[in-house]
Amino acid sequence: MNNLEIEKKWRKKWDETNLYKFDKNNLKDKKYVLEMFSYPSGAKLHVGHWYNFGLSDSYARFLRMQGYNVYQPMGFDAFGLPAENYAIKTGIHPKDSTLKNISIMEEQLRNMGAMFDWDSEVKTCMPDYYKWTQWIFVQLFKHGLAYRKEAPVNWCPSCNTVLANEQVQEGACERCGTEVVRKNLTQWFFKITDYAEELLQDLDKLDWPEKTKLMQKNWIGKSTGGEIEFEIAGHGKSFRAFTTRADTLNGVSYVVLAPEHPLVAEITTKEQKKVVEKYIADVAKSNEIERLSTSKEKSGVWTGAYAVNPINDKQVPIWIADYVLYSYGTGAVMGVPSHDERDFAFAKKFGLPITRVIKGKNGNDELPFCEYGILVNSGKYDGLTTEEAKIKIIEDLAKVGKGELKTNYRLRDWLVSRQRYWGAPIPVVHCPHCGTVAVPEEQLPVELPYDVNFTPDGTSPLAKHDGFMHTKCPKCGGDAMRDPDTLDTFVCSSWYFLRYPDSKNDKEAFNKDWINKMLPVDKYIGGAEHACMHLLYARFFTKALRDMGYLNFDEPFTSLVHQGTILGADGNKMSKSRGNTVSPDDYIAVYGSDVFRMYLGFGFNYIEGGPWSDDGIKAIAKWMERVERIVLKANDFKGGKTDMGSDEKELDFIRNFAIKNVTDNYGTFSFNTAIARMMELTNALSKYADGKEINAKLYKEVCLDLIKLMAPLAPHFAEELWELTGNEYSVFNQKFPKVNEKALVKDEVEIVVQVNAKIRAKLVIANGMDNKQIENLALNDERVKPFTEGKQVKKVIVIPNRLVNIIVC
RNA sequence: GCCGAAGUGGUGGAAUGGCAGACGCGACGGACUCAAAAUCCGUUGUUGGCGACAACGUGCGGGUUCAAGUCCCGCCUUCGGCACCA
C-alpha cells in the first residue's frame, strides 16, 4: 500500500462525499468534541499540534463509529503578543504574518485527515469575530461586570513601555536590561469575583481531572473569617484587617499594611518618611512570587504610627511589609507572632513582643503554635476553644461596629486592558460630558486600524492614531476619544466555543436557541497549563452570559481531558532556540500521516506525554504492513471448516477481549493500551492461520473487526483495507464492534496460591468453583504442602478467579 | 516560596489494594537465503544455581494491611501554573 497516495485519495473522497458533515437535524446523538484552538505563532504545525488534534480526532472518530453525530470545529486564537513583537523586530505587520501563518496551518490541518468542520472556522483577529467579543464586553459593562480602576503594570523606563511578565527577566527588561518598575495605570477589569462562590461550587458537577478541579479550588482560595477594624491612634481614620484567626486577637503585637495601601502616606510620621518611601520604592521593583516567598528574609519598616486593638484598646505599631498584598483581602493584616509562622519570624527579626494567647489541648508549649486550642491571656474569652472564639469575638466586635464575619477569596478580578496594538479594541468612548460610554451595538465592530505605528514609545499604539482616537460621543454627539487599549487575548478565547456552531451569524454573537441545543461541549481537550486561567475565564463568561439570559446552561465544558506535552529528545520543552524541535512533516513524508498518528498514540501515555523519540515509529509502520498482509489473506481463504473448536474459541476470546478493552481505552484516551490490544489480536490472527485448516468465515469476521478497531487511529489505512476486502464505502459509516460477553467466559481459570503472601503455586481450576473447594485444592497441593507442614493455618483468603492466600504461623 | 502532578527493566510504557513489567523497541539465539534485506519462530528485571528453584526488585525513609507500584506520614528529584506568553 502506498500510504501517501491512498491518503490523498481518501481525503478527496471524504471531501467530495461530505462524509463528516455534521447533521444539524439530529441533535439527539450530538457530541461536541473540542480541542483548544491554537495560536498561529510559528508557521508550521509541530508535534504538539499533531498530538493534541490528531489523537482527539481519533477519539471523535470513535464516537462517530459508536453512532454519535460528532461536531468537531477548528479555528485560531489569532491576536496576541508574539505577532506584535515579531512585527517590532521585522517590520512585518501582525495581520499579514498572522493570516499567512493561519493559511499554512489550515493546509496542514486538512492534510492530517481529521474530521474538522471547516464551515465553522473562527479566527479571533477578524472583525466578524471580534465584533462579538466587543459586544460581550459591552454586555458585561452594562451589567456592571466591567469596571475601571488603577492597577500596577511592569514599566520599562528606558523603552517607555509596558512589559508582559514574560518580558521581564530577573527584574530587568528583556530588550534593554533596564530595571523594571511598577507603575499604576487606570485599567479595565472584569468582575469575576462576583462569581467566585459559584465557580467554586459548580466544580463538583464537572467530569474534569480531579487535580484540575483542585487547582481551581485553590486558585479561587475561599477562606472564612472576619474583618476587624483598627483605629489609627490620634488620627481619626481607621482600616480593616481580614483574619481567619480572630481568636488570637489578644495576641496582636503589631499590624501591617501593604506598601501600596493609600493610608500609608497619610499616617507615616516625619521621622519615618524617608525609610518608608525608600521601602515602597524597593517593593515596586519586586514581583509577587518574590514577595510571597516564605523562605526569603522578612522585610518591613515601621510607619511611626499606632493602631488601637479594638478588643483591648492596646496600641500596637503599624508597619508596612511586602508580604502583605494590597490586592488580597483588605490589604492589611494583624500580626500575631505567637500563633503564625510568618508573624513569628517577622517579630523575631524586628524585636516585637510575642504573647501566647492559645494553649495546646495537650499542653504543647512551643511557639509559634499554629494549631487550634484553648484561649488564655484573653480576658473574658479565656477557656473558649478556637472554634468558639473565632465567631464570638467577631460577633462582639460587630455589636460595636468594629468587625463582621467575612468570607474572602484569593481570586482577583480579571485585568483585561492591554496597552498594545494586536488585540480587539476596547469598545468604549470617553466623553468629556458623558464620561465613559459603551459603543452601541449597531456601531460595532470598533475596527482595529491597519496603519498604526506600534513601536513602543510610552503610550498605547492606538493612542497615536488620530483617525482612530477622535470620534463622537454616542450619547451626546460631542467630540470624544476612544479607549486606546485592546483586550487581553484571553477574552477572545473565553467564548469561541459559543461562536463555532453559529460562526456565520452576522446578526448576533450566536443564536440563543441553537446554541442552547449545541452546548455545552461534551469533551474538551487541551493542555493542563490552562487549568486556572483560560478554563476559569471561560466558565465565568458562560455564567455571566447565562445570567444575562443568553444561555441556559451553567458550565461550558462538561468533560475535560488534558493531553501531556511532547518534549524534545533532550527532555526539555521544544523550542527553536534550544534546537530540539521535531517536524512532523519529515516523518509524514516517509511513513504517511496514519503511521505518524498511530505512533503518537502508541509511544506515549496521552495524559502524560514525554520526551520525543522515534525509536518505535518504524515498528508501527511494520505492524501496519503486517496487518495489511494478514487482512488481505482473508480474501483468499474459501470454505474450510465452519465449527468452533478450541482454536476458534481462543481466537474469538482474543477478538472480544480486544473489542472490550479498545472500546474502554478510546473512551479514556488510553491509545497506547488500545493499540497493544490490537497488536495482540494481530498476533492471534497470524497464529490461527498458521497453515492448518481454518474457519474462513470467522477469520474474515475478525479481520473486519480489526479494521474497525484501527479505523479511528488510522483512518485512511482502514478505509483502504475496508475497500480491498470488498466492503461498501465507508468504514466510518460502520458501527464500532460490540463485545460478545459470552466469548469472554473461559471454562478454566488460573489462580495463584500464596503462603504468607509469597507465591508457591498456580492452579488451573474450573471457572465458578466455590471458595471452599478452591481452598481445599490449594491446601492439598503438593507444591504448597511443604510451606504449611508443621505450621498452624490461621486464615485462608480466597479472591475468586484470582488468588488464594494461606496465612500460617 | 505557594498550588498541582510525576518518578516502574537497557528503553517507551502496562498493571479495579490481589501473579510487577501487558504491548512494543533494543539485545541475544534460531529458521529461510550462496549471502544480505525482508519475513517468521524463540529467549530476555537483577543476582545465585547445570537445573527444578531461591532471594531481591516500582526515587529515598517509615507506617497501615493477609496482601502496597497503588493507601497514609516525612523527604529527594523533575515537570506544569503562579494572574500581561497563550
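Chain letters run A, B, ... following the sequence lines, proteins first and then strands; every chain starts at 1.
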Using the benzene-type ring in the case of Trp, are the ring centres of Phe497(A) and Tyr524(A) under 6.0 Å apart? no

With nearest nucleotides of RNA chain B determined for Ala619(A) and Ile807(A) from heavy-atom distances, which residue corresponds to the more 5′ nucleotide? Ala619(A)

Using a heavy-atom cut-off of under 4.0 Å over every strand shown, decide if Leu214(A) touches base, sugar-phosphate, or nothing. sugar-phosphate

Sugar-phosphate, base or nothing in reach of Trp414(A), heavy atoms under 4.0 Å: nothing

Any strand, both distances under 3.5 Å, Watson-Crick or G-U wobble: A31(B) pairs with U39(B)

Mind checking whether Phe190(A) and Phe137(A) have ring centres under 6.0 Å apart? yes

Is the Tyr606(A) ring parallel, tilted or perpendicular to the Phe669(A) ring (thresholds 30°, 60°)? parallel

Proximal nucleotide (of C19(B), C85(B), A22(B)) relative to the Gln754(A) side chain: C19(B)

Any Lys211(A) side-chain nitrogen or oxygen under 4.0 Å from OP1 or OP2 of A6(B): no

Need one value for Ser417(A): base, sugar-phosphate or nothing, where a base atom within 4.0 Å counts as base even if backbone is also close, heavy atoms only. base

Compute the ring centroids of Phe76(A) and Phe37(A), then answer whether they are less than 6.0 Å apart. no

To the side chain of Pro82(A), which of G18(B), A22(B), C85(B) is closest? C85(B)

C23(B) phosphate, OP1 or OP2, under 4.0 Å from Asn672(A) side-chain N/O: no

G9(B) glycosidic torsion: syn (within 90° of 0) vs anti: syn

Residue matched to C25(B) through Watson-Crick or wobble contacts both under 3.5 angstrom: G10(B)

Selection from C19(B), G80(B), C41(B) that lies nearest to any side-chain heavy atom of Ser686(A): C41(B)

Which part of the nucleic acid does Gln167(A) contact within heavy-atom distance under 4.0 Å: base, sugar-phosphate only, or nothing? nothing

Exactly one candidate in Arg418(A), Arg148(A), Gln419(A), Lys149(A) meets side chain to side chain donor-acceptor pair (under 3.5 Å) with Gln187(A); the answer is Gln419(A)

Given C19(B), A86(B), G18(B), the nucleotide with the shortest approach to the side chain of Asn805(A): G18(B)

Would one find a side-chain N or O of Arg418(A) under 4.0 angstrom from OP1 or OP2 of C84(B)? yes

Checking all strands, does Arg291(A) fall into the base, sugar-phosphate, or nothing category for heavy-atom contacts under 4.0 angstrom? nothing

Counting side-chain heavy atoms from C-beta on, which of A83(B), A22(B), C66(B) comes nearest to Ile797(A)? C66(B)

Nearest of A83(B), C84(B), A14(B) to any side-chain atom of Asn605(A)? A14(B)

Nucleotide of G80(B), C85(B), G13(B) approaching Met215(A) most closely (side-chain heavy atoms): G80(B)

Counting distance alone, no hydrogens or angles: does the base of C84(B) have a donor or acceptor under 3.5 Å from a partner atom on the side chain of Arg420(A)? yes

On RNA chain B, does the nearest nucleotide to Gln187(A) precede the nearest nucleotide to Ala528(A) from the 5' side, or the other way round? Give the residue. Ala528(A)

With rounding to the closest Å, how many angstrom separate the C1' atoms on U77(B) and G59(B)? 8 Å

OP1 or OP2 of C56(B) under 4.0 Å from side-chain N/O of Lys758(A): yes

For A55(B), the nucleotide meeting Watson-Crick or G-U wobble distances (both under 3.5 Å) is U46(B)

From the options C85(B), G4(B), C84(B), select the nucleotide whose nearest atom is closest to the side chain of Glu166(A). C85(B)

Is it true that Asp413(A) and Lys191(A) make a salt bridge, defined as a side-chain N closer than 4.0 Å to a carboxylate O? no

Cationic N near anionic O, under 4.0 Å, Arg291(A) to Glu260(A): yes

Give the nucleotide from the list C84(B), U39(B), C56(B) with an atom nearest to the side chain of Arg629(A). U39(B)

Just compare A22(B), C41(B), A83(B) and give me whichever is closest to any side-chain atom of Arg677(A). A22(B)

Counting the benzene-type ring for Trp, do Phe541(A) and Trp414(A) have ring centres under 6.0 Å apart? yes

Just checking, is any N or O donor in the side chain of Asn85(A) or Arg420(A) under 3.5 Å from an acceptor N or O on the other one? no

Could you go through nucleotides 7-12 of chain B and list every protein N or O atom that sits under 3.5 Å from one of its N or O atoms, giving the distance for each pair?
from	atom 1	to	atom 2	distance (Å)
G12(B)	O2'	Gly603(A)	O	2.3

